Amino acid sequence: MKKPIYKRKRYVISLLLLLLLIVFLFFPTWTPAIKDAQGNKLPNSIATLEEISLGGVQQSLLIRGNDRNNPILLFLHGGPGYPQIAYARKYQQQLEKDFIVVNWDQRGSGKSYHWNLTDDDLQVDKLVQDTHELTVYLTERFHQSKIFIVGHSWGSTLGSLTVQRYPESYYAYIGIGQVASSPLGELRSYEFVLREARRLNNAKAIKELEAIGTPPYRNPRKDTTIERKWVSAFGGSERSINTYKDLIRGVLLAPEYSWYDGVKMAVGNSFSANAIMPQTENTNLFESAPEWKVPVYFFMGKYDYMTPSEVAFDYYEQLKAPSKRFIWFEHSAHFPHFEEADLFSEWMVKIKEENL
């Protein structure tokens, strides 16, 4: 006796939902091989997506490069909790020709978020130790003595702290959207958005900004969110790209991320920000890092008001280092390495040549 049609439909729907759940939870992630113009895999290339243990926490790495003998370039993503693995390949194809490019979802972020993590697991010092442990792992694996390290936004804070503590491990430090003084940066960001709001006669922005008042804010997380909303609206974050769309598209379509990873990324973003930002709200490199023991390069977008470039430039002028250089990206805001990716790659080649 045949089952009624409605029961068969319900069975098929249930089966499809189960399959979707399996895909959602267990679909394997991977990264494409690096190939030549004829579609053949480059013989000495590397393209891996893997997990390693750092500080006792499993964390995810994307490692890609045309030649395993090239120097290592480690990216420290921003946020906190705003990882790059899901869309990194879109912007780094040129870099892969000259470096082994390593993207890392930091503990508590993206693929490296775990449901049992606590605020104590995200103490900044533990992230510094993770960064150094990862550096040692990479140098040993690829038989190199040092690496290049890039820190973007929050990653520039993490990178600065790490290089200050372990300068012997790095050829050079590259800061993008460099945090120099969090309090002064917030003040300059606020002044920018209020000035723009008044220039544009944007009544809503004026009302919201005048309501939160000049930093330091009474409700730091809430008020900073309002300020940053208007920084983005007025072109102080991105001008020719949309990394949020890149991230969503990567989560949905890129082989490096599953949909489940996307859920972890969303939860980890909030978790990381809540745990880390209170620890860094008084960062002041003018006082804590007046001198560096490695060459220092700052790549700053002319229109960056997330981490205002003018503050980074003031810090750059006073810092002491074996060598230093400040590179302006004239058409960028907070993401010059993505908005002007070719120029960024050209400069990275120069930095490699200067330091090897």
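Quick caveat: nothing in here was measured; it's all calculated off a predicted structure.
Hydrophobic clustering (ILVMFWY, side-chain heavy atoms < 4.5 Å, transitive): L343 and I176 are in one cluster. L42 and L62 fall into different hydrophobic clusters, where Ile, Leu, Val, Met, Phe, Trp and Tyr side chains are chained together by heavy-atom contacts under 4.5 Å. In the hydrophobic clustering of ILVMFWY residues, with side-chain heavy atoms under 4.5 Å counting as a link, V150 and L319 come out apart. The cluster map of Ile, Leu, Val, Met, Phe, Trp and Tyr, joined by side-chain heavy atoms under 4.5 Å apart, puts Y87 and M265 in the same cluster. Cluster annotation: L95 and Y297 are assigned to the same hydrophobic cluster (Ile/Leu/Val/Met/Phe/Trp/Tyr, side-chain heavy-atom contacts under 4.5 Å, transitive).
Between the side chain of N40 and the main chain of D36, no donor-acceptor pair closer than 3.5 Å is present. With hydrogens and angles ignored, the 3.5 Å screen pairs a side-chain donor or acceptor of H152 with a backbone N or O of H334. A distance-only check finds no donor-acceptor pair linking the side chain of T243 to the backbone of D246 [under 3.5 Å]. No side-chain donor-acceptor contact under 3.5 Å links S156 to the backbone of G175. At distances below 3.5 Å, at least one donor-acceptor pair connects side-chain atoms of Y315 with backbone N or O atoms of A289. Of the possible donor and acceptor atoms, one in the side chain of K264 sits under 3.5 Å from a partner among the backbone N and O of K111. Using modelled atom types, no side-chain atom of T29 and backbone atom of S258 make a donor-acceptor pair closer than 3.5 Å. Side chain of N269 to main chain of G79: no donor-acceptor pair is present (N/O by atom type, distance under 3.5 Å, no hydrogens or angles). The backbone N or O of G55 sits nowhere less than 3.5 Å from a side-chain atom of Q129 that would complete a donor-acceptor pair. A distance-only check finds no donor-acceptor pair linking the side chain of H77 to the backbone of D105 [under 3.5 Å].
For K41, the NZ atom is loosely surrounded, since the number of other residues' heavy atoms within 6.0 Å does not exceed 12.
Side-chain atoms of H114 and V57, non-hydrogen and from C-beta on, do get closer than 4.5 Å to each other. For the pair F142 and I46, the minimum side-chain heavy-atom distance is below 4.5 Å. P80 places a side-chain heavy atom less than 4.5 Å from the side chain of M277. With contacts defined as side-chain heavy-atom distances shorter than 4.5 Å, the pair H132/V136 qualifies. Residues Y303 and E339 are not in side-chain contact: their nearest non-hydrogen atoms beyond the backbone lie 4.5 Å or more apart. Within the 4.5 Å cutoff, no side-chain heavy atoms of S153 are placed close to those of M306. A 4.5 Å side-chain heavy-atom check between W154 and V124 finds at least one atom pair inside the cut-off. Considering only heavy atoms from C-beta on, Y316 stays 4.5 Å or farther from L285 through its side chain.
Each side-chain hydrogen bond (donor to acceptor under 3.5 Å, both in side chains) pair with one or both residues in residues 175-192, not counting sequence neighbours, appears once here: S160-Q178, Y173-Q178, E186-R228, R188-E191, R188-E310. Residue pairs meeting the salt bridge (charged side-chain N to carboxylate O under 4.0 Å, His left out) criterion with at least one partner in residues 147-170, sequence neighbours excluded, are D125-R165.
R64 approaches A33 most closely through the heavy-atom pair NH2-O, 4.4 Å. Shortest non-hydrogen contact noted between A321 and V294 is CB-O, 3.7 Å. Scanning both residues, L158 and V128, for their nearest heavy atoms gives CD1-N, 3.7 Å. The shortest heavy-atom contact between R218 and P220 is O-CD, 3.5 Å. Between A47 and P32, the shortest heavy-atom distance links the atoms CB-O, 3.3 Å. Here the shortest heavy-atom pairing between L209 and A197 reads CD1-CB, 4.2 Å.
Between F326 and F298, the ring-plane angle classifies as perpendicular under the 30° and 60° cut-offs. The aromatic rings of W115 and Y113 lie perpendicular to each other, with more than 60° between the two planes, well past the 30° mark. Using a 30° and 60° split on the angle between ring planes, F299 and F344 fall in the perpendicular class, above 60°.
Aromatic rings of Y257 and W259 (six-membered ring for Trp) have centroids beyond the 6.0 Å cut-off, not under it. Aromatic rings from F75 and Y91 are positioned such that their centres are separated by 6.0 Å or more. A ring-centre distance under 6.0 Å is not found for H337 and F329.
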Kindly indicate, with the supporting measurements, whether the criterion side chain to side chain contact (heavy atoms under 4.5 Å, CB included) is fulfilled by I85 and D261. CA-CA 11 Å; I85 285 179; D261 290 331; over 6 Å; no
The test is side chain to side chain contact (heavy atoms under 4.5 Å, CB included); show your working for S145 and Y171 and say whether it passes. CA-CA 9 Å; S145 60; Y171 288 117; 3.5 Å; yes
Full working for side chain to side chain contact (heavy atoms under 4.5 Å, CB included) between Y166 and T131: CA-CA 10 Å; Y166 303 103; T131 308; over 6 Å; no
Would you please test D121 and T118 for side chain to side chain contact (heavy atoms under 4.5 Å, CB included) and show each step? CA-CA 5 Å; D121 292 313; T118 66; 3.2 Å; yes
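In this structure, the separation between OG1 on T225 and NZ on K222 is 9.0 Å, given to the nearest 0.5 Å. Rounding to the nearest 0.5 angstrom, the gap separating the CG atom in L184 from the CZ atom in F286 is 6.5 Å.
For R199 and E196, the salt-bridge test passes: some basic side-chain N is under 4.0 Å from an acidic carboxylate O. Between R141 and E50 there is a salt bridge, with a side-chain nitrogen of the basic residue lying less than 4.0 Å from a carboxylate oxygen of the acidic one.
Both the sub-6.0 Å distance and the 45° axial angle are satisfied by K352 relative to the ring of F99.
Checked against salt bridge (charged side-chain N to carboxylate O under 4.0 Å, His left out), E210 has the following partners two or more places apart in sequence or in another chain: R198.
Partner of E96 under the side-chain hydrogen bond (donor to acceptor under 3.5 Å, both in side chains) criterion, out of Q94, Q92, Q93: Q92 alone.
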